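Report on the structure given below.
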Amino acid sequence: MMEIFFETKDVFQLKDLEKIAPKEKGITSMSVKEILQSLVDDGMVDTDRIGTSNYFWAFPSKALHARKRKLEELESQLAESSQKKEGLEKSIEKSKIGREDTADRAALLKELAALRQKKEQLKTEIDKYRECDPDVVEEMRQTNQVAKEAANRWTDNIFSIKSWAKRKFGFEESKIDKGFGIPEDLDYID
């Protein structure tokens with residue numbers, strides 16, 4: 001399809017391309033529109049609407065410029081990547097200074113591993129006794145107090161609705177309890 005544009009260096013309408021493509025390049029006329037649309041989407045063919053017609057064109061110089069831009073872009077990415085690689089290699093070399101494998105370093109690494117293991121053991125031991133921690137106990141007391149207040153508030157709301165229903169509709173309290181599944185021993189929490 002691109003060869004049609006490059007060889008003729010002309011501007012075409014879709015119906016012209018549907019006639020020319022099957023004859024010259026063996027492209028089926030049914031697929032010309034799809035191929036052309038994909039070329040337009042990829043930026044390889046330009047299109048413009050003039051009046052009621054759509055015109056399509058592509059010139060070899062545009063393709064050359066696009067390739068040059070792409071090449072320049074890739075070269076700049078390569079240069080950036082090379083600089084980044086050099087910087088990383090330098091930082092690796094800097095990091096290796098002072099980290100040579102010596103007997104002292106091996107002993108220190110072994111001691112560090114032992115201390116980390118001991119730290120984990122102490123953490124698990126602290127977690128065992130967490131329930132006895134005064135801060136945790138106080139937090140649990142406060143949480144329990146909030147939950148108790150919320151339960152009493154809802155109990156009060158239930159009693160208010162029951163008394164309203166008794167006044168409004170004249171129901172007996174036992175029927176209200178039974179109808180709404182309210183237990184008979186419902187009361188405030190002390």
Side-chain angles (χ1 to χ4, degrees), residues 1-14 17-18 20-22 24-28 30-50 54-147 150:
M1 179 69 82
M2 292 301 293
E3 289 176 7
I4 295 172
F5 288 108
F6 290 162
E7 290 169 0
T8 60
K9 297 179 183 144
D10 202 0
V11 177
F12 299 97
Q13 288 185 335
L14 179 61
L17 287 170
E18 286 176 338
I20 296 170
E24 292 186 14
K25 300 299 175 187
I27 300 171
T28 61
M30 302 302 284
S31 64
V32 169
K33 185 173 184 178
E34 293 174 22
I35 294 170
L36 192 59
Q37 187 59 47
S38 71
L39 290 172
V40 168
D41 292 342
D42 292 342
M44 296 172 72
V45 173
D46 293 313
T47 182
D48 201 1
R49 184 176 195 89
I50 301 173
N54 286 329
Y55 292 92
F56 301 92
W57 67 93
F59 300 115
S61 61
K62 181 184 179 200
L64 178 67
H65 289 298
R67 283 191 210 109
K68 280 184 180 177
R69 276 196 309 274
K70 185 69 173 173
L71 180 63
E72 289 170 1
E73 183 181 313
L74 291 173
E75 285 173 346
S76 69
Q77 287 177 358
L78 177 65
E80 286 177 24
S81 298
S82 297
Q83 286 178 340
K84 194 173 187 179
K85 180 184 171 194
E86 288 175 20
L88 290 172
E89 286 173 349
K90 286 178 184 176
S91 72
I92 287 172
E93 290 301 318
K94 271 186 184 177
S95 298
K96 284 184 179 179
I97 296 172
R99 293 187 182 193
E100 295 83 18
D101 285 334
T102 61
D104 290 342
R105 181 164 166 46
L108 288 173
L109 286 173
K110 200 172 193 180
E111 185 181 344
L112 179 64
L115 289 173
R116 284 184 176 160
Q117 187 177 9
K118 187 169 183 170
K119 178 183 171 187
E120 288 302 316
Q121 288 174 347
L122 291 173
K123 269 189 176 180
T124 56
E125 197 171 324
I126 287 174
D127 287 342
K128 284 183 194 174
Y129 301 115
R130 186 168 175 78
E131 294 173 0
C132 299
D133 184 9
D135 294 336
V136 173
V137 171
E138 183 58 33
E139 187 179 328
M140 289 171 82
R141 283 188 182 136
Q142 289 176 355
T143 305
N144 289 344
Q145 183 62 33
V146 169

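Please read all numbers here as calculations on a predicted model, not as lab measurements.
Atom NZ of Lys33 has 12 or fewer heavy atoms from other residues, nucleotides or ligands within 6.0 Å. Atom CD of Glu7 has more than 12 heavy atoms from other residues, nucleotides or ligands within 6.0 Å. For CE of Met140, the number of neighbouring non-hydrogen atoms (other residues, nucleotides, ligands) closer than 6.0 Å is 12 at most.
Contact between Met44 and Ala58 at its shortest, heavy atoms only, is O-CB, 3.5 Å. Taking every heavy atom of both residues into account, Ile27 and Ser31 meet most closely at CG2-OG, 3.7 Å.
The closest side-chain heavy-atom distance from Tyr55 to Gln13 is below 4.5 Å. Taking the side chain as every heavy atom from C-beta outward, Thr8 and Trp57 never approach each other to under 4.5 Å. You'll find the side chain of Lys85 stays beyond 4.5 Å of the side chain of Leu88, heavy atoms only. Inter-residue side-chain proximity for Glu34 and Gln37 is flagged as unmet; no heavy-atom pair is nearer than 4.5 Å. Taking 4.5 Å as the limit, some side-chain heavy atom of Ile4 sits within range of a side-chain heavy atom of Phe12. The side-chain heavy atoms of Asn54 and Leu14, taken from C-beta on, include no pair separated by under 4.5 Å.
Atom NZ of Lys70 sits about 5.0 Å away from atom CD of Glu73, to the nearest 0.5 Å. In this structure, CG in Leu17 is found 4.5 Å from CZ in Phe5, a value given to the nearest 0.5 Å. Here the OG1-CD1 distance, from Thr28 to Ile35, works out to 6.5 Å after rounding to the nearest 0.5 Å. Here the CD-OG1 distance, from Glu138 to Thr143, works out to 9.5 Å after rounding to the nearest 0.5 Å. Rounded to the nearest 0.5 angstrom, Phe56 CZ and Leu36 CG are separated by 4.5 Å.
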Give the table of side-chain donor-acceptor pairs shorter than 3.5 Å for residues 108-119, with sequence neighbours excluded, one pair per line with atom names and distance.
none

